[in-house]
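Inspection log for the structure reproduced underneath, given as structure tokens.
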Amino acid sequence: MILLQLAINGVLLGGVLALSALGFNIVFGVMRVVNLAHGDFVVLAAVFAAFGFAQFGVNPLLLLPLTIVAGFAAGALIHHVLLRRLPGEVASAEASSLTLTFGLSYFLTGAGLAAFGGRFVSVPYLTGAFRVGEVSVPQARLLAFVVAVVLSLGFALLLRSTALGRAIRATSQNLDGALACGVDVDRVRTLAFAIGTAVATAAGTLMSFLYNLNAQQGVLFTVNAFAVVVIGGLGNYTGAVIGALILGLTESFASYFMGATLAEAAPYLLFILVLLFAPGGLRGRRAA
Amino acid sequence: MQRSRFIRTVSAAAVTPALATAVPAQAQGAPITIGASLSLTGIFADGGKYSLEGYQLWIKQQNAKGGVLGRQIALKFYDDQSEPATGVRLYERLINEDKVDIIMGPYGTAITAPAANVAERYKMPMICPETADVVMFQRGFKYIFQGLGPVQTYLYGVLQIAKDHGFKKLALIGPDTAFSHALVNAVPEVARGFGQGIVFTEFYPARASDFASVIEKVKAASPDVVLAMAFPNDAIGVLRQLKQSNYAPKMFYEAVGASDPRFVESAGKDVNGVFSVTAWDPDARTPENESFKTSYRAEFKREPDYHSASNYSSLEVLAAALKRAGSLDREKLRDAIATTHVKTLIGNWRVDPRTGIQLGYTSYILQWQNGKQVIVYPGNVAHGKPLVPFPAWSSR
């Protein structure tokens with residue numbers, strides 16, 4: 001029974017990790033931008049939800065549409081004002097976008113601390129669990145898991161079978177080719193960053209039910225997202241869900257059998273193994 | 001991981017210009033500068049902020065009364081970001097570059113322990129209002145003084161309640177921090193006196209966010225009492241995942257993790273039944289207590305917590321010692337602190353003059369009942385009876 005419970009805990013934790021990594025993966029997949037400010041969007045939304053709940057008693061799920069719109073708008077604006085102005089060639093754009101999002105991360109942390117203070121906050125919502133026989137299924141984690149799977153599949157479907165999806169894939173595969181075919185590359189990239197940010201802020205709202213956070217904790221989500229996405233395959237959306245599940249299960253079982261402090265190293269060990277033996281990620285593209 | 005550096009310094013005198021002009025004529029010369037490093041960001045930010053406010057409130061009030069030794073008092077503080085190494089550097093800086101007259105302790109055992117080395121090296125007396133650990137005072141140091149009840153007082157009450165109900169098996173969990181280790185290390189001696197045994201001990205990383213597996217292991221050990229030596233940032237997660245695994249031990253204690261009056265904002269209804277510990281009884285009906293709470297609310301727009309009270313009290317001790325020493329001379333001040341007996345907001349200050357370990361202060365056991373904190377131990381100041389056992393999750 002304990003093994004089943006650990007497996008359920010691990011799968012649900014995987015869902016949480018997948019959800020918190022999805023926005024990061026979208027931005028990387030389409031734009032080849034490693035968004036170091038990703039986790040800051042997640043925690044800002046979480047802290048905002050907790051603030052709204054504590055001050056005004058707003059149900060955070062009601063805040064969700066507002067958070068998504070705000071995330072989308074902020075993402076579009078940041079791309080339009082900042083990222084778009086970086087040098088065009090891919091190689092230098094990767095380096096300079098790294099620096100830019102690093103700076104953005106600092107800015108968001110500082111802004112979050114100034115707006116909400118350093119207190120750790122959380123929303124006491126959906127804190128219970130469903131009981132199935134002897135086994136517990138925590139409600140908030142189940143919700144995060146379902147949302148992660150739906151959004152990941154949804155985004156994969158969008159890529160495969162819509163005109164926008166084709167434009168996005170074309171942009172990510174070959175910028176010049178896409179341009180030559182009349183794809184509005186700038187619009188596609190703006191959309192991708194906006195969608196990535198909106199997904200991050202939506203995830204953050206759900207994270208406020210799970211974790212006690214302050215504006216400085218963004219780096220945890222960025223690092224998690226990075227681990228999930230590298231293990232699953234950068235820019236591969238179903239692969240990221242699988243990567244997240246592997247990480248979640250590893251953490252759950254390793255904490256139980258090896259002890260919590262030692263288990264902290266397990267995801268990184270996995271990370272190194274994947275980089276050594278499957279450098280494209282478990283479901284990543286083979287190196288071109 | 002270190003992020004933005006928010007180093008701020010504020011002169012308390014500058015914050016209150018209206019008061020500065022109203023000061024009696026005997027306040028002359030440059031202000032006495034007190035230096036401290038506090039955790040205003042990072043994992044200890046919640047408690048660190050309360051600590052700072054305790055210092056600030058006392059200084060503001062004392063300056064209005066004419067300061068100490070006829071001089072105003074200014075506070076110079078930095079944010080150590082909850083990092084011990086940064087704390088050490090900041091105390092070096094306060095002493096060597098800012099040339100403060102007096103240093104006061106930082107927040108938390110993790111930073112106080114290394115900061116104590118700095119105080120000792122420069123022979124600067126330092127009252128430490130934020131550490132219950134006793135080990136750091138057993139190193140033969142002369143210049144540090146404990147401003148909280150020692151770590152045994154954090155455990156005695158809750159284990160006494162457990163004994164009253166015949167509970168014998170204890171499980172200990174906590175973050176991998178200096179304070180948590182100090183508490184866990186102090187359990188065996190106290191528990192032995194009550195005929196209790198430890199059936200499980202495990203630490204989790206200080207920044208852990210998932211406690212499901214640790215809780216499954218605690219459950220498997222089937223203790224009567226679970227003592228989580230938690231801080232506010234992990235106390236929520238541990239409590240929530242306890243509920244999610246539908247596990248209700250007979251007693252559940254979260255040390256200082258659940259003593260913040262605002263804990264309920266993040267914990268919600270799940271808070272009921274949780275035990276915690278505090279160094280200050282906020283409901284004690286004394287004029288000092290009422291006046292402290294009123295001024296604190298007016299100044300900071302929130303309820304004080306025991307960190308506020310403890311830091312405030314430590315400056316009361318400093319003022320009493322300065323009066324006895326009659327000067328800022330470090331040796332005289334050191335001897336005065338070591339031998340001063342004074343009633344402060346949180347109790348009767350008295351330290352062992354040889355080690356600096358606190359002998360006068362005690363701690364109080366709190367329990368959350370109906371969304372409110374109630375002191376349930378010791379009996380002579382208790383405002384309610386402990387609610388035992390911890391209610392089953394299905395019956396709430």
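Chain naming here is simple, since letters A, B, ... match the order of the sequence lines and numbering starts at 1 in each.
- Note: B/I43 CD1 to A/F120 CZ = 7.0 Å, rounded to the nearest 0.5 Å.
- How far CD of A/Q217 is from CZ of B/R207: 7.0 Å, rounded to the nearest 0.5 Å.
- In this structure, the portion of B/P232 lying under 4.5 Å from any heavy atom of chain A is its backbone and not its side chain.
- Using a 4.5 Å cut-off between heavy atoms, A/L262 makes no contact with chain B at all.
- Using a 4.5 Å cut-off between heavy atoms, B/A220 contacts chain A through its side chain alone, with no backbone atom that close.
- Heavy-atom proximity under 4.5 angstrom to chain A picks out B/D260, B/R262 from residues 255-264 of chain B.
- Counted within 6.0 Å of NZ on B/K372, heavy atoms from surrounding residues, nucleotides or ligands total 12 or fewer; the atom is thus considered open.
- The environment of A/F226 atom CZ is sparse: at most 12 non-hydrogen atoms of other residues, nucleotides or ligands sit within 6.0 angstrom.
- Separating the CG atom in A/L17 from the CG atom in B/D210 is a distance of 8.5 Å, to the nearest 0.5 Å.
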task: Would you please test B/R240 and A/S122 for side-chain hydrogen bond (donor to acceptor under 3.5 Å, both in side chains) and show each step?
output: CA-CA 11 Å; B/R240 203 164 282 174; A/S122 183; 2.7 Å; yes

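- A distance of 11.5 Å separates CE of A/M258 from OG of B/S213, quoted to the nearest 0.5 Å.
- For CZ of B/F179, the number of neighbouring non-hydrogen atoms (other residues, nucleotides, ligands) closer than 6.0 Å is greater than 12.
- Of the atoms belonging to B/A267, it is backbone heavy atoms, and not side-chain ones, that fall under 4.5 Å from chain A.
- Rounded to the nearest 0.5 angstrom, A/L12 CG and B/Q244 CD are separated by 9.5 Å.
- To the nearest 0.5 Å, the span separating CD on A/Q55 from CD on B/E265 amounts to 7.0 Å.
- If you tally non-hydrogen atom pairs under 4.5 Å between each of B/N246, B/V271, B/I173 and chain A, the highest count goes to B/N246.
- With no hydrogens or angles considered, no side-chain donor-acceptor pair links B/D176 and A/T261 at under 3.5 Å.
- Contacts between A/A54 and chain B at a heavy-atom distance below 4.5 Å involve the side chain alone, from C-beta outward.
- Contact annotation for B/D270: only side-chain heavy atoms (C-beta onward) come within less than 4.5 Å of a heavy atom of chain A.
- Formation of a donor-acceptor pair under 3.5 Å by the B/E216 side chain with backbone atoms of A/I2 is not found in this model.
- Interface remark: B/Y247 contributes no atoms to any contact with chain A (heavy atom separation under 4.5 Å).
- Residue with the most contacts toward chain B among A/V137, A/L220, A/V123, A/N214: A/V123 (heavy-atom pairs, distance under 4.5 Å).
- Crowding of A/F107 atom CZ: a count of heavy atoms from other residues, nucleotides or ligands under 6.0 Å not exceeding 12.
- Side chains of A/R131 and B/S394: no donor on one and acceptor on the other come within 3.5 Å.
- When B/I236, B/D234, B/N233, B/L239 are compared by the number of non-hydrogen pairs under 4.5 Å with chain A, B/N233 comes out ahead.
- Listed options A/G259, A/A215, A/G117 were ranked by heavy-atom pairs under 4.5 angstrom with chain B; first place goes to A/G259.
- Closest heavy-atom contact between A/R119 and B/Y50: NH1-OH, 3.9 Å.
- Contact detail for A/G118 and B/A45: the closest heavy-atom pair is O-CB, 3.6 Å.
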